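Reviewing the structure listed below.
Fair warning: this is a prediction, and the values are worked out from it, not measured in the lab.
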Amino acid sequence: MDYLKIVNPMDYRVALYIRLSKEDEKPGESESITNQRSILTRFAESQRLYIVDEYVDDGISGTTFNRPDFQRMLNDIETKKINMVITKDLSRLGRDYIQTGFYIEKYFPENRVRYISILDNVDTGIDSSSNDITPFKSILNDMYAKDISAKIKSVKHNKQDLGLFIGGKAPFGYKCSEETTNKIVIDEDARPVVERLFREAKAGKSCRAIAQDLILDGVPTPSQYAISKGHKVAKVSNLWSDPRVREILLNEVYIGNMVQGRTKKINYKSKKYIKLPKEQWKVVENTHEHIIDKETFYKVQDMILTRKQTRVKTHDYLLKGFVHCHECGKKVGCSPRELAQGKVYYFRCATYIAYARLGLCTSHNIRMDTVEKAVNNKVMSILAKFSDKDNLIKVTKQKIEEKKHSISFENEIENYKTKLNKISLEVDNIYNDKLNGILSEDDFIRIYERKKEEKENLQKKITEMTTHIDNSIVNETELAEKIAMKFVGLKQVNRELLSALVEKIEIDKKKNIYVYFKFKSLENV
């Protein structure tokens, strides 16, 4: 490692990056945070390097780069706070060879950052044969992560086949056993709610009606209940819903069968899960005490299945997916009514339909053809105005002038100017420190150059801000014009035109109709 000698240490502002996860804990090898910190600190001290900060991601896999302190380090790189990154080895930076290569080969060089991996003898600040084999080492680190992932997955699948519970939080109505690992037992506090759901469903009550009664009675949702017991929940639902009730009623876990493996990760690098078809689920019978008897359970299944089979196919219409409630923001459904002149379709708020007794929203009742006509007139009037070039130029200039005088725009400029003044004061202070002997000549020059660069970057941002809004408005208007001109000649709106121009449509309780466009320059055209 002799070649890792830093000949100009005062030029660098160093970040020590440390990462540890379960996959890195190899037998007989210490990858601990303390061990990494010791190696990095000793190296920095031996090279007389100035350590700006330490960035530690503990318990986070190297296959992802969405790590809190890694992202904080990137932010400090982009604000020129640091220009050197040191890790114990390449795997500390990451185990995804594509992303690791991106940072080493592209991101760091473009941001004038020197990267050093101590144990791998990698130093991007010099030409070395060790740097040439860096991509191959990254691939080996990636393969290691893939191998570990496969082994962990194999162990999990084996436990699932044996009917052992491997989840972090037991299904609603159960809890993890304190005596036996990978086993669930009945949660007596939640049991009555599960029994109530099946009892009311067996009596013929719909899932929606059950959900509404639970809300009226103030019964906590499964996620609210989990939080009250100290569990972490990814998404909190404050209201019982038709799908949530149905999910519980269809789960075999309540008759004593362990049901797992309903989803799987896309791959070892991704955090996203996909749903699996029922035939691929891992179901093991009689693994724990049941809450619901099988006769009740299967009768409820038959009733739910019968309702599902008798549902009528939904109506397909022009504005499908675009219309929302102005009050609650939820999508608005479309339902028919039999009138003297025949079947007529109306828009109604889905929240009101689902929770009418709770008063969560008001009744929206407006004919679908009325909304279609209003939207058609609005969009077609825009097409007509965009075909008039003189009017288009007038609208564009008006929008630019409006944006120039926006308060937020002026505040942002003032914020940058305040930062500029602060930097000027800081330069004065370090100059005084130099005169008083507190700072050496070399330290003064190094700090002064950094402040000078920060000042230039701020001045550049101020210049960019003064032109950015103008350009964005012009570019947006030009793009909107191109799309609008494509449809000039149409006699009425179609789905393709709606998808190109319209963001969403809202209706309120007074039957007002609001059309929101993807291009802000179209809002008041």
Side-chain angles (χ1 to χ4, degrees), residues 152-208 210-211 214 219-229 231-235 237 240-265 273-309:
I152 292 173
K153 187 184 294 184
S154 176
V155 171
K156 286 184 176 181
H157 286 174
N158 184 54
K159 288 184 176 181
Q160 287 177 340
D161 291 337
L162 294 174
L164 300 175
F165 179 70
I166 62 171
K169 181 171 67 68
F172 181 66
Y174 288 93
K175 60 183 179 181
C176 293
S177 172
E178 296 179 358
E179 289 78 26
T180 308
T181 306
N182 301 123
K183 184 175 178 62
I184 59 173
V185 295
I186 294 175
D187 182 348
E188 295 299 337
D189 291 336
R191 178 177 190 160
V193 179
V194 175
E195 291 175 333
R196 172 179 173 173
L197 262 63
F198 279 91
R199 182 172 60 252
E200 293 184 357
K202 185 179 179 180
K205 188 178 288 188
S206 69
C207 294
R208 178 178 294 171
I210 294 172
L214 290 170
V219 178
T221 63
S223 58
Q224 288 175 323
Y225 179 77
I227 290 174
S228 71
K229 294 295 183 179
H231 296 289
K232 290 183 179 180
V233 177
K235 186 177 180 180
S237 175
W240 283 91
S241 63
D242 183 341
R244 190 69 186 93
V245 171
R246 186 180 292 106
E247 182 184 355
I248 292 175
L249 294 176
L250 294 175
N251 196 339
E252 289 184 46
V253 72
Y254 299 109
I255 57 173
N257 298 344
M258 184 61 69
V259 183
Q260 299 180 107
R262 291 188 286 188
T263 62
K264 74 171 184 178
K265 286 175 67 174
Y273 286 81
I274 57 173
K275 292 183 179 180
L276 295 176
K278 191 172 183 178
E279 55 269 20
Q280 293 185 26
W281 295 359
K282 300 277 188 177
V283 181
V284 182
E285 297 183 352
N286 304 318
T287 61
H288 53 274
E289 186 180 357
H290 66 80
I291 295 178
I292 305 300
D293 63 86
K294 291 185 178 180
E295 181 184 354
T296 298
F297 180 82
Y298 287 114
K299 182 174 182 179
V300 169
Q301 309 309 297
D302 290 340
M303 294 174 72
I304 293 175
L305 182 62
T306 301
R307 291 196 193 103
K308 186 176 181 180
Q309 289 175 339

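- Side-chain contact between Tyr254 and Ile248 is present, with heavy atoms from C-beta onward closer than 4.5 Å.
- Here the shortest heavy-atom pairing between Ile292 and Phe198 reads CG1-CD1, 3.5 Å.
- Atom OG of Ser241 and atom CD of Glu247 lie 9.0 Å apart (nearest 0.5 Å).
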Note to self: Using the rule given for side chain to side chain contact (heavy atoms under 4.5 Å, CB included), can you reason through Glu179 versus Val185, listing the C-alpha separation, both sets of side-chain angles and the distance that settles it, and then say yes or no?
What the structure shows: CA-CA 10 Å; Glu179 289 78 26; Val185 295; 6.0 Å; no
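- For the atom pair CD1 (Ile210) and CZ (Arg246), the distance works out to 10.0 Å, reported to the nearest 0.5 Å.
- A salt bridge links Lys229 with Asp189: at least one charged nitrogen is closer than 4.0 Å to a carboxylate oxygen.
- Of all non-hydrogen atoms in Phe297 and Asn251, the two that sit nearest each other are CE1-O, 3.2 Å.
- Distance alone, capped at 3.5 Å, is enough to place a donor-acceptor pair between the Gln301 side chain and the Leu249 backbone.
- With hydrogens and angles ignored, the 3.5 Å screen pairs a side-chain donor or acceptor of His288 with a backbone N or O of Val253.
- Considering every non-hydrogen atom in both Ala190 and Phe172, the closest pair reads CB-CE1, 3.8 Å.
- By the 6.0 Å contact criterion, CD on Glu188 is enclosed, its count of non-hydrogen atoms from other residues, nucleotides or ligands being greater than 12.
- Across all non-hydrogen atoms, the minimal contact from Lys294 to Asn286 is NZ-OD1, 4.3 Å.
- No donor-acceptor distance shorter than 3.5 angstrom exists from the side chain of Lys205 to the backbone of Leu197, with no hydrogens or angles considered.
- The local environment of CD in Gln280 is crowded, with over 12 non-hydrogen atoms from other residues, nucleotides or ligands closer than 6.0 Å.
- Applying the salt bridge (Lys or Arg N to Asp or Glu O under 4.0 Å) criterion to Lys175, with sequence neighbours excluded, gives no partner residue.
- Here the side chain of Gln260 pairs a donor or acceptor atom with the backbone of Leu164 at under 3.5 angstrom.
- Note that the NE2 atom of His290 and the CD1 atom of Ile186 stand 8.0 Å from one another [nearest 0.5 Å].
- Here the closest heavy-atom approach between residue Ile291 and residue Gly173 is recorded as CD1-O, 3.5 Å.
- In this structure, the separation between OG1 on Thr287 and CG on Asn257 is 6.5 Å, given to the nearest 0.5 Å.
- Distance check, rounded to the nearest 0.5 Å: OG of Ser177 to CD1 of Ile184 gives 10.0 Å.
- For Tyr174, the side chain to side chain donor-acceptor pair (under 3.5 Å) criterion is met by no residue, not counting sequence neighbours.
- The CD atom of Glu285 lies 7.5 Å from the CD atom of Glu252; values are rounded to the nearest 0.5 Å.
- Nearest heavy atoms, Phe165 versus Pro171: CE1-CD, 4.0 Å.
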